[in-house]
Student: 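First the structure, which I've put down as structure tokens, then a few questions once you've had a look.
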Amino acid sequence: MANVAVIGAQWGDEGKGKIVDLFTLDADIVVRFQGGNNAGHTLVVDGVKTVLHLVPSGALHKNKLCVIGNGVVVDPEVLLEEIGALRAKGHLLNDALLKLSEGAHLIMPYHKAIDLARERLRGKGKIGTTGRGIGPAYEDKVARVGIRFVDLLDGTTFRDKLKRNIEEKNIYLKAILKEKTLDYGAIYESYCGYREELEKYVANTGVLLDREIKAGKKVLFEGAQGTLLDVDHGTYPYVTSSNTVIGGVCTGAGIGARHIHEVIGLSKAYTTRVGSGPFPTELKDAIGERLMQDGGEYGATTGRPRRCGWFDAVGVRHAVRLNGLTGIALTKLDVLTGLKKIKVCTAYKSGGEIHHDFPASVKVLKNAEPVWEEMEGWDENLTSARNLSDLPSNARRYIHRLEEIIGAEMILVSVGPGREETIVLRNPFNS
């Protein structure tokens, strides 16, 4: 028996959808434990692309239990739309295969209104939020005024909490953010409708997972975003509002640490990030444009073009240490094909100092100059490779050098978007 957590090792968008989809073949249960519909996991199955935002990627497989944990903030309208879209494609037809934590917090219309208004007021200093209300929902959670699904199921509790919150949020929206106020009655009616449609999925998922794990079921914990977007350990304040690192699994799924046996980090063979914030290895030239175009680097959730750059070993080493990664799944190696020279950032130079560890200071990161190591590229097409020996020698050298620099082994190398375009070196469920 093995339970596996998949964690983004960069700024998100590392290709978790494909890798989770592959690992799901060996799992019985797939769990989302943090984030909200600001995450988008893209899966390509038999040439058909599916983007999931809230429902775990196990939904594309038959008889896999999908769990949305208490650490996720849920927009019920988006969740229902996603369930409907999956059903239209013949997935998730059995209601018993989706469970939604009673402790998960609801994203409310005032969260989205506040999110968008704040970003507008920041002007040039904007964070790059998706505007989907994720941050304000987590704020309410910490402030102990959030509304959970267990509250929604109790009509009186929901009415009282919503009434109190609307009164406070409307004052803030009008007086501080100069926005329109929201109508309590309309929100109350719409969320009562969501309750009727979603209550069949709501459960104590922490207890459910504990029971299933003790019965020998194999669980895959599906992370969203990436380590460098963690609210505590990322490029604060240019981060998401949840803990994207391994600790988020325990708090966001309601399980003990001893139940996690493998922690797999996902990393692209280069680096990308969406939105604002420091990005030391960013390429604002023809190579950066080429990586964006050849890699299809557009946000699965927002459609925004991703900023692209060379592999940042400082950031990935940070992820290896923080998460105790037992292996790395390297994605999009094929995108580097055709480049004569490939660079890797092994350290940062800032303020006359060399930084081998990821600095907490955004100022240091913004002024950081990468310390480069240059390697030879390759021209051969990689998509048919199924073993390391099928790769050109320079591609193999690149992989081995990354292992040395970041201090973690590669357990998988993706050479294309399809399920089959993958080199599996070790299956974490069978280790």
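Note that the coordinates shown come from a computational prediction; the quantities given were computed from them, not determined experimentally.
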Student: If we check side-chain contact (heavy atoms from CB on, under 4.5 Å) with V413, which of these qualifies: I328, T331, I423, T422?
Tutor: I423
Student: Does the side chain of T205 pick up a donor-acceptor pair with the side chain of N70 at under 3.5 Å?
Tutor: no
Student: Roughly how far apart are L97 CG and Y201 OH, rounded to 0.5 Å?
Tutor: 10.5 Å
Student: For T235 and L365, work out which heavy atoms get closest and say how close.
Tutor: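 Taking T235 first and L365 second, the nearest heavy atoms are CG2-CD1, 3.6 Å.
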Student: Using side-chain contact (heavy atoms from CB on, under 4.5 Å) as the criterion, point out the one residue from I7, N38, V231 that pairs with Q225.
Tutor: N38
Student: Quick one: pull up CG in N3 and CG in L220 and give me the separation to the nearest 0.5 Å.
Tutor: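 Here the rounded value is 9.5 Å.
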Student: Begin from the C-alpha positions of D390 and L382 and carry the test side chain to side chain contact (heavy atoms under 4.5 Å, CB included) through to its verdict.
Tutor: CA-CA 8 Å; D390 297 332; L382 308 185; over 6 Å; no
Student: With no hydrogens and no angle check, is any side-chain donor or acceptor of E212 less than 3.5 Å from a backbone partner on L209?
Tutor: no
Student: With no hydrogens and no angle check, do the side chains of D312 and Y348 hold a donor and an acceptor under 3.5 Å apart?
Tutor: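 Yes, Y348 and D312 have a side-chain donor paired with an acceptor closer than 3.5 Å.
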Student: Would you say D75's side chain and M108's backbone share a donor-acceptor pair under 3.5 angstrom?
Tutor: no
Student: Decide whether K268 and T272 meet the rule of one side-chain donor and one side-chain acceptor closer than 3.5 Å.
Tutor: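 Side chains of K268 and T272: pair found under 3.5 Å.
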Student: With a 3.5 Å cut-off and no angle check, do the side chains of Y298 and Q293 form a donor-acceptor pair?
Tutor: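 There is such a pair (donor and acceptor under 3.5 Å, judged by atom type) between the side chains of Y298 and Q293.
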Student: Would you mind checking if R273 and D13 are paired as a salt bridge, meaning a charged N to carboxylate O distance below 4.0 Å?
Tutor: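 Between R273 and D13 there is no salt bridge, as every charged N stays at least 4.0 Å from the carboxylate O atoms.
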Student: Can you check whether T24's main-chain N or O pairs, donor with acceptor, with K64's side chain at less than 3.5 Å?
Tutor: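 It does hold such a pair.
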Student: Using distance alone, with no hydrogens and no angle criterion, decide if N243 and D230 have a side-chain donor and acceptor under 3.5 Å apart.
Tutor: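 Judged by distance alone, the side chains do pair up.
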Student: Backbone N or O of G275 within a donor-acceptor pair of the Y238 side chain at under 3.5 Å?
Tutor: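 Judged by distance alone, no pair lies under 3.5 Å.
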Student: So, E14 side chain and G12 main chain: donor-acceptor pair closer than 3.5 Å or not?
Tutor: yes
Student: Tell me if the CD atom of E404 is crowded by more than 12 foreign heavy atoms within 6.0 Å.
Tutor: yes
Student: Checking the side chain of E82 only, and the main-chain atoms of H53 only, is there a donor and an acceptor separated by less than 3.5 Å?
Tutor: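 Yes; judged by distance alone, with no hydrogens or angles, the pair exists.
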Student: Rounded to the nearest 0.5 Å, how far apart are CG of L266 and NZ of K18?
Tutor: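 If I round to the nearest 0.5 Å, the distance is 10.5 Å.
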Student: For the pair N323 (side chain) and A319 (backbone), establish whether a donor and an acceptor sit closer than 3.5 Å, ignoring hydrogens and angles.
Tutor: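 Between the backbone of A319 and the side chain of N323 there is a qualifying donor-acceptor contact (under 3.5 Å).
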Student: Spell out, as yes or no, whether a donor-acceptor pair under 3.5 Å connects the side chain of R306 to the backbone of E297.
Tutor: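 No; zero donor-acceptor contacts below 3.5 Å.
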Student: Before you tell me yes or no, could you show the steps for C345 and W372 under side chain to side chain contact (heavy atoms under 4.5 Å, CB included), namely the whole-Å CA-CA distance, both residues' side-chain angles and the distance that decides it to 0.1 Å?
Tutor: CA-CA 5 Å; C345 170; W372 297 116; 3.9 Å; yes
Student: I'd like to know if D140 pairs up with K169 as an ion pair, taking the criterion as any Lys NZ or Arg NE/NH1/NH2 lying under 4.0 Å from an Asp or Glu carboxylate oxygen.
Tutor: yes
Student: Test side chain to side chain contact (heavy atoms under 4.5 Å, CB included) on S350 and V364; report intermediate values, then the result.
Tutor: CA-CA 6 Å; S350 183; V364 170; 3.6 Å; yes
Student: Would N387 and S389 count as having a side-chain donor-acceptor pair, cut-off 3.5 Å?
Tutor: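 No pair is found: no donor N or O on one side chain lies under 3.5 Å from an acceptor on the other.
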Student: Show the nearest heavy-atom pair for residues A27 and F429, with the distance to one decimal.
Tutor: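 Nearest heavy atoms, A27 then F429: CB-CZ, 3.8 Å.
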Student: With rounding to the nearest 0.5 angstrom, report the CD to CD distance, E81 to E77.
Tutor: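 Separation between the atoms: 5.0 Å.
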Student: A quick test of your reading: do over 12 heavy atoms of other residues, nucleotides or ligands sit less than 6.0 Å from CG of D26?
Tutor: yes
Student: Tell me whether the rings of W378 and Y398 are parallel (<30°), tilted (30 to 60°) or perpendicular (>60°).
Tutor: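 The rings of W378 and Y398 sit tilted, inter-plane angle from 30° to 60°.
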Student: Evaluate the criterion ring-ring contact (aromatic ring centres under 6.0 Å, His included) for residue pair H318 and F358; output intermediate values, then yes/no.
Tutor: CA-CA 6 Å; H318 184 61; F358 199 75; 4.9 Å; yes
Student: Are D21 and H61 close enough that a side-chain donor and a side-chain acceptor fall under 3.5 Å?
Tutor: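 Looking only at side-chain atoms, H61 and D21 do form a donor-acceptor pair, the distance falling under 3.5 Å.
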Student: Kindly give the heavy-atom pair with the smallest separation between G377 and I342, and that separation in Å.
Tutor: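 Taking G377 first and I342 second, the nearest heavy atoms are CA-CD1, 3.9 Å.
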Student: Would L322 and I246 count as a side chain to side chain contact (heavy atoms under 4.5 Å, CB included) if you check the C-alpha gap in whole Å, the side-chain angles of each, and the deciding distance to 0.1 Å?
Tutor: CA-CA 8 Å; L322 276 172; I246 189 63; over 6 Å; no
Student: Is a side-chain N or O of T227 found less than 3.5 angstrom from the main chain of G8, in a donor-acceptor match?
Tutor: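 Confirmed, T227 side chain pairs with G8 backbone.
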Student: Looking only at atom types and distance, does a side-chain atom of Q10 sit under 3.5 Å from a main-chain N or O of Y270, one as donor and one as acceptor?
Tutor: yes
Student: How long is the span from the SG atom in C250 to the NE2 atom in H259, to the nearest 0.5 Å?
Tutor: 9.5 Å
Student: What are the two closest non-hydrogen atoms of W310 and T271, and how far apart are they?
Tutor: O-OG1, 2.9 Å
Student: How long is the gap from CG on N94 to CG on N63, to the nearest 0.5 Å?
Tutor: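 If I round to the nearest 0.5 Å, the distance is 8.0 Å.
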